[in-house]
There are 2 protein chains.
Amino acid sequence: MGGLLRGEVEPGSWLRQDDLAGQLGVSKIPVREALQRLAGLGLLRFESNRGVVLPELSAAEAEENYALRRGIEPQMLERALPRLSIVDFAEAELALEADGLSLTEANWAFHRALYRSSGWERGLSMAEILHVAVAPYVVLYTEYLGGGTDSDAEHAALLEACRRGDTEAASALLLGHLDHAQQALVGFLEAKES
Amino acid sequence: MGGLLRGEVEPGSWLRQDDLAGQLGVSKIPVREALQRLAGLGLLRFESNRGVVLPELSAAEAEENYALRRGIEPQMLERALPRLSIVDFAEAELALEADGLSLTEANWAFHRALYRSSGWERGLSMAEILHVAVAPYVVLYTEYLGGGTDSDAEHAALLEACRRGDTEAASALLLGHLDHAQQALVGFLEAKES
DNA sequence: AATCAAATAATCATATACGATCTTGTCCAT
DNA sequence: ATGGACAAGATCGTATATGATTATTTGATT
């Protein structure tokens, strides 16, 4: 299941309930319930009498994804900024070093560390969904095409602005970061679609 | 299940699986799966070995709710505005008359009509969740305390701005509408909490 | 009368079983 | 060879049944 956040499940692939049940050593019932939860999150789709599929993401949907992130993440950051603790900074720092974490896991761990003190449970959950939804494509984009190296620099700059308590700068850096990531991924997907 | 959108289920109440199964004439398995989907949407909470409960909403969570709506709904409205068709206007108009619809159902039907042409499936689903989450309290607030009469006027003004194709005005009216609704509901909840 | 313990009842969570639906392979006709 | 009808296999969706956990009642003791 964590494979979803790691972007390891290929979009368009079918999740066989008996297989998952076997791997986990349980019956299909709890497996199906977990899959329904993920379907509620919008990460999977049930197709009647055919099973569960990981939906593919169009360029337009990726664009929507980042637009929604721009709508909610800066609010969370601004709200969290004055309350950020040394623990939050340490967690963000650790995510930048990214030991033992996949690229997409580290990505979300970094952002979450900066947002968590906002106290917005629903916003955090929505942001996580948006991160997970693009994970397989971010993996594709960065690992196969060598993109995303400037993402690290942007993360570092954002963290630094947060350390200074500079709300204006941090908010602007986050928006720019999201713009860049959107541009890269949407471009990648548009090329792939044509 | 639609009872959730109508705000008819009391927050804090437990949803008995056998009862629901009996009402629907099915076994508990599909009922539990549907509840898991709603739990994935964040509308219900499973408590281990105790069942499913409709969570209560704090004033802080209501504040978050409206902040998230301000983050995503204006984007959807601006994107949908140039593509709004006569069908969308008719649907919004019908929702204002609200025949056969509960207050909260009509509310969401109106907003959805104005957002749908944005083509943002995920954004629509997120907005709907945010609407449903406050539904029981909006019902409480309006039916028991006679509030929300200015909401109708704001809806009408917003629809008129959309008809004129005035993006600026529509966006501003929507933000103001959300601010008013937030103020009213958060105030109500804060009074209730103390 | 109040309190605690144990028994009873209610409810949950999941394994098993089975009919329904979809997929795949085979065979025949063209 | 190609296409279509049929059969065999795989997979899904849910009813039933059962052990586990929690809630409620009962009854004894102080």
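Just so it is clear: chains get the letters A, B, ... in the order the sequence lines come, proteins before strands, and each one is counted from 1.
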- Query: How does protein contact run along nucleotides 6-19 of chain D, one letter per nucleotide 5' to 3', with B for base contact, S for sugar-phosphate only, - for none, heavy atoms under 4.0 Å?
  - Reply: -----SBBBBB---
Show the atom names and distances, to 0.1 Å, of all donor-acceptor pairs under 3.5 Å that link a side chain in residues 21-33 of chain B to residues at least two apart or in another chain.
unit_1, atom_1, unit_2, atom_2, d
B/S27, OG, B/I29, N, 3.3
B/R32, NE, A/E33, OE2, 2.7
B/R32, NH1, B/Q17, OE1, 3.4
B/R32, NH2, A/E33, OE1, 2.8
B/R32, NH2, A/E33, OE2, 3.4
B/E33, OE1, A/R32, NH2, 2.8
B/E33, OE1, A/Q36, NE2, 3.1
B/E33, OE2, A/R32, NE, 2.7
B/E33, OE2, A/R32, NH2, 3.4

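- Members clustered with B/L175: none, using a 4.5 Å side-chain heavy-atom cutoff among hydrophobic residues.
- A/V87 belongs to a hydrophobic cluster whose remaining members, ordered by chain and number, are A/I86; membership requires side-chain heavy atoms of ILVMFWY residues under 4.5 Å apart, directly or through intermediates.
- A/L101 shares a hydrophobic cluster with no other residue; no ILVMFWY side chain has heavy atoms under 4.5 Å from its own.
- The side chain to side chain donor-acceptor pair (under 3.5 Å) contacts involving residues 181-194 of chain B comprise B/R70-B/Q182, where partners must be two or more places apart or lie in separate chains.
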